Amino acid sequence: MGLGCRETAAEFRASIPEGEEHHVSENDCLFCKIVAGEIPGDVVHVTERTVAFRDINGQAPTHVLVVPREHYANAAELAAGDPVASAELVTAAAAVAAAEGYDDYRLVYNTGAGVGQTVFHTHLHLLAGRPMTWPPG
Ligand code: 5GP
Ligand code: ZN
């Protein structure tokens, strides 16, 4: 079911059964718009369920965000709602790391504003290409 020309986004969303809202794009979600191609992203890898694009403010020589095509607010909601897509984020990140020549890389999910999540569409950070310290800041 898609958005028809006579159907407003609000009507479409109202037609989605309760609990299934995450299966549609959020109106003002930055990463939904990148997935939809409505705003540009430097896309480096795509799979059936994921899209990977370079972070606009890279923190390492490779800093790629891997996101599910469908909107989920965070990693745990994605894992509960679509475990296949959740696994695909990790395998996609590994494929990007390998394609860029890295055996060693860091994967990060921020969940909640208190630890730095700023975009509330699940995204797996892939960081590689420089030494990294532990614990993180
Ligand atoms: P968070 O802080 O939520 O874990 O990560 C959000 C990430 O999205 C940040 O690393 C930030 O640099 C990146 N980001 C924010 N806006 C954009 C954008 O418009 N395009 C891209 N490619 N990355 C963005
Ligand atoms: Zn979204």
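One-based numbering, in listed order, for ligands and for the atoms of each. Just the heavy atoms: all of them, side chains too, but no hydrogens, waters or symmetry mates, feed the values below. Please read these numbers as outputs of a predicted model, since none were measured by experiment.
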Query raised in the report: Can we call the ring centroids of Phe31 and Phe53 under 6.0 Å apart?
Result: yes
Query raised in the report: Going by atom types only, do Glu100 and Thr62 share a side-chain donor-acceptor pair under 3.5 Å?
Result: yes
Query - Pairwise side-chain contact, His121 with Leu30, heavy-atom cut-off 4.5 Å (strictly under) - result: no
Query raised in the report: Regarding Glu88 and Thr47, is there a side-chain donor-to-acceptor distance under 3.5 Å anywhere?
Result: yes
Query raised in the report: Which atoms of ligand 1 sit under 4.0 Å from any heavy atom of His125?
Result: 1 (P), 4 (O), 5 (O), 10 (O)
Query raised in the report: Of all the heavy atoms in Gln59, does at least one lie under 4.0 Å from an atom in ligand 1?
Result: no
Query raised in the report: Can you tell me the protein heavy atom closest to atom 22 (N) of ligand 1 and the distance?
Result: Arg54 O, 2.9 Å
**Report entry** Asn57 neighbourhood, listing ligand 1 atoms whose heavy-atom distance to it stays under 4.0 Å
**Finding:** 12 (O)
Report summary line: Output for pair (Leu65 CG, Leu124 CG), nearest 0.5 Å, gives 8.5 Å
Query raised in the report: Between Asp82 and Tyr72, does a side chain to side chain contact (heavy atoms under 4.5 Å, CB included) hold up when you go through it step by step?
Result: CA-CA 9 Å; Asp82 191 343; Tyr72 290 85; 3.7 Å; yes
**Report entry** Contacting atoms of ligand 1, where contact means under 4.0 angstrom from a heavy atom of Phe53
**Finding:** 22 (N)
Query raised in the report: Is there side-chain contact between Val66 and His123, with heavy atoms separated by less than 4.5 Å?
Result: no
Query - Heteroatom of His121 nearest to the Zn ion (ligand 2) (N, O or S, atom name) - result: ND1
Report task. Could you please compute the angle at the Zn ion (ligand 2) from SG of Cys32 to SG of Cys29, rounded to 10°? Result -> 110°
Query raised in the report: Less than 4.5 Å apart, any side-chain heavy atom of Val43 and any of Val51?
Result: yes
Requested in this report: Of the side chain and backbone of Ile56, name the one, both, or neither that has a heavy atom under 4.0 Å from an atom of ligand 1.
Outcome: both
Query raised in the report: Any side-chain heavy atom of Arg69 sitting closer than 4.5 Å to one from Val46?
Result: yes
Query raised in the report: So, is His123 polar-close to ligand 1, with some N/O to N/O distance under 3.5 Å?
Result: yes
Query raised in the report: To which of Asp55, Val119, Leu127, Val67 does the heavy atom nearest atom 7 (C) of ligand 1 belong?
Result: Asp55
**Report entry** Pairwise distance OH(Tyr109) to CG(Leu89) - rounded to 0.5 angstrom
**Finding:** 4.5 Å
Report task. Examine the proximity of ligand 1 to Asp42 and report which part, side chain or backbone, both or neither, has a heavy atom under 4.0 Å away. Result -> neither
Query raised in the report: Who's the nearest protein heavy-atom neighbour of atom 19 (O) of ligand 1, and how far?
Result: Leu30 CD2, 3.6 Å
Requested in this report: Under 4.0 Å, heavy atoms only, figure out whether ligand 1 is touched by the backbone of Val108, its side chain, both or neither.
Outcome: neither
Requested in this report: Considering only non-hydrogen protein atoms, determine which one is nearest to atom 3 (O) of ligand 1 and report residue, atom name and distance to 0.1 Å.
Outcome: Thr118 N, 2.7 Å
Query - Residue of the set Arg130, Arg54, His125 for which side-chain hydrogen bond (donor to acceptor under 3.5 Å, both in side chains) holds with His63 - result: His125
Query raised in the report: Is Phe31 near ligand 1, meaning one of its heavy atoms is under 4.0 Å from it?
Result: yes
Requested in this report: Could you pull out the atom name of the N/O/S atom in His71 that is nearest the Zn ion (ligand 2)?
Outcome: ND1
**Report entry** contact_flag Gly116 ligand 1 heavy-atom lt 4.0 Å
**Finding:** yes
